[in-house]
Amino acid sequence: MNFDNYKIIPNYNTNKTDLFTADEEDILACEKTLNITFDEDYKEYVQTYGSGILGGTYVRVYLPETIVLTLEEWKNRITEYWFWDEGKEVLTKEEVFNSIRIGDTFDGDEIILLNNSILYFAKIQRNDL
């Protein structure tokens, strides 16, 4: 992915552009702990831009440490609140349970890694409400 057109926007309260990035050791430790392999785009993004919101307001990307620290909560929530069993393009509960959450959206949808592929996991089709 080409990140050349991305711009770091200062925090509107502090006007600072501090970034909280991951380094190679953080990424490798997470991959080893979770027995996964991140794609190169994710690695480049978190090493260059770190945690934060992509697009200014919509997609939040997690650092490897956050992924590991929130994994149990993610799995507990999937176990307790699963109700998406219908539809031709719905992931199974097992697929989602075996995925790793690497980000989310302002609307509450989640970005997951499943079988080393990044997927967008929309929990609700808001246009149908």
Side-chain angles (χ1 to χ4, degrees):
M1 180 174 237
N2 183 346
F3 292 112
D4 292 341
N5 294 322
Y6 286 73
K7 179 180 177 185
I8 299 169
I9 300 171
N11 180 295
Y12 67 90
N13 288 324
T14 65
N15 206 32
K16 293 183 180 183
T17 57
D18 298 338
L19 298 176
F20 303 98
T21 60
D23 56 30
E24 187 68 23
E25 293 82 29
D26 297 329
I27 294 168
L28 291 172
C30 183
E31 288 178 327
K32 183 177 180 181
T33 299
L34 302 177
N35 193 29
I36 60 171
T37 302
F38 290 116
D39 71 5
E40 293 303 315
D41 289 340
Y42 171 81
K43 292 177 188 181
E44 181 181 357
Y45 185 88
V46 296
Q47 288 178 311
T48 304
Y49 298 103
S51 66
I53 301 176
L54 173 64
T57 60
Y58 196 68
V59 176
R60 180 173 51 179
V61 178
Y62 298 157
L63 291 176
E65 178 183 27
T66 303
I67 293 169
V68 171
L69 292 175
T70 61
L71 183 62
E72 184 176 352
E73 175 269 329
W74 155 253
K75 291 192 184 270
N76 288 341
R77 191 161 35 91
I78 291 301
T79 300
E80 186 172 349
Y81 296 107
W82 183 265
F83 59 87
W84 304 278
D85 289 327
E86 295 182 15
K88 67 179 184 178
E89 295 186 19
V90 175
L91 295 173
T92 67
K93 181 177 183 179
E94 182 179 356
E95 286 173 319
V96 175
F97 191 79
N98 290 320
S99 69
I100 306 295
R101 183 179 56 165
I102 64 169
D104 59 18
T105 70
F106 178 74
D107 290 331
D109 296 333
E110 294 174 293
I111 313 303
I112 62 174
L113 184 69
L114 177 64
N115 300 326
N116 295 327
S117 295
I118 295 176
L119 304 172
Y120 177 77
F121 177 53
K123 295 184 283 195
I124 300 173
Q125 292 183 341
R126 281 165 205 70
N127 297 337
D128 293 342
L129 296 178

| message | Test of understanding: with side chain to side chain contact (heavy atoms under 4.5 Å, CB included), list the residues that count as partners of Glu94, not counting sequence neighbours. | response | Thr92, Asn98
| What's the shortest heavy-atom distance between Leu71 and Ser99, and which atoms? | CD1-O, 4.5 Å
| Looking at side-chain heavy atoms only, is the closest gap between Ile111 and Tyr42 below 4.5 Å? | no
| query | Partners of Thr70 by side chain to side chain donor-acceptor pair (under 3.5 Å), sequence neighbours excluded? | reply | Arg101
| query | Under 4.5 Å between side-chain heavy atoms, hopping through other hydrophobics if needed: is there a path connecting Leu34 to Phe97? | reply | yes
| task | Taking side chain to side chain donor-acceptor pair (under 3.5 Å) as the test, write out the residues that go with Gln47, two or more places apart. | result | Glu24
| task | Answer whether the closest heavy-atom distance between the side chains of Leu63 and Asp26 falls below 4.5 Å. | result | no
| Under a 4.5 Å side-chain heavy-atom rule over Ile, Leu, Val, Met, Phe, Trp and Tyr, are Val46 and Leu69 clustered together? | no
| said: Could you work out, with ring pair (Phe, Tyr, Trp, His ring centres under 6.0 Å) as the rule, every residue matching Tyr62, not counting sequence neighbours? | reply: none
| Taking side chain as C-beta onward, heavy atoms only, is Val96 less than 4.5 Å from Trp74? | yes
| request: Measure the spacing between CD1 of Ile78 and CD1 of Ile112 and express it to the nearest 0.5 Å. | output: 8.0 Å
| query | Under 4.5 Å between any side-chain heavy atoms of Val61 and Tyr49, yes or no? | reply | no
| said: If I take atom CG from residue Asn115 and atom CD1 from residue Ile36, how far apart are they, to the nearest 0.5 angstrom? | reply: 11.5 Å
| request: Mind running side-chain contact (heavy atoms from CB on, under 4.5 Å) on Phe38 and Ile67 for me, showing each step along the way? | output: CA-CA 12 Å; Phe38 290 116; Ile67 293 169; 3.9 Å; yes
| query | In chain order, what residues pass the salt bridge (charged side-chain N to carboxylate O under 4.0 Å, His left out) check against Glu31, with sequence neighbours excluded? | reply | Lys43
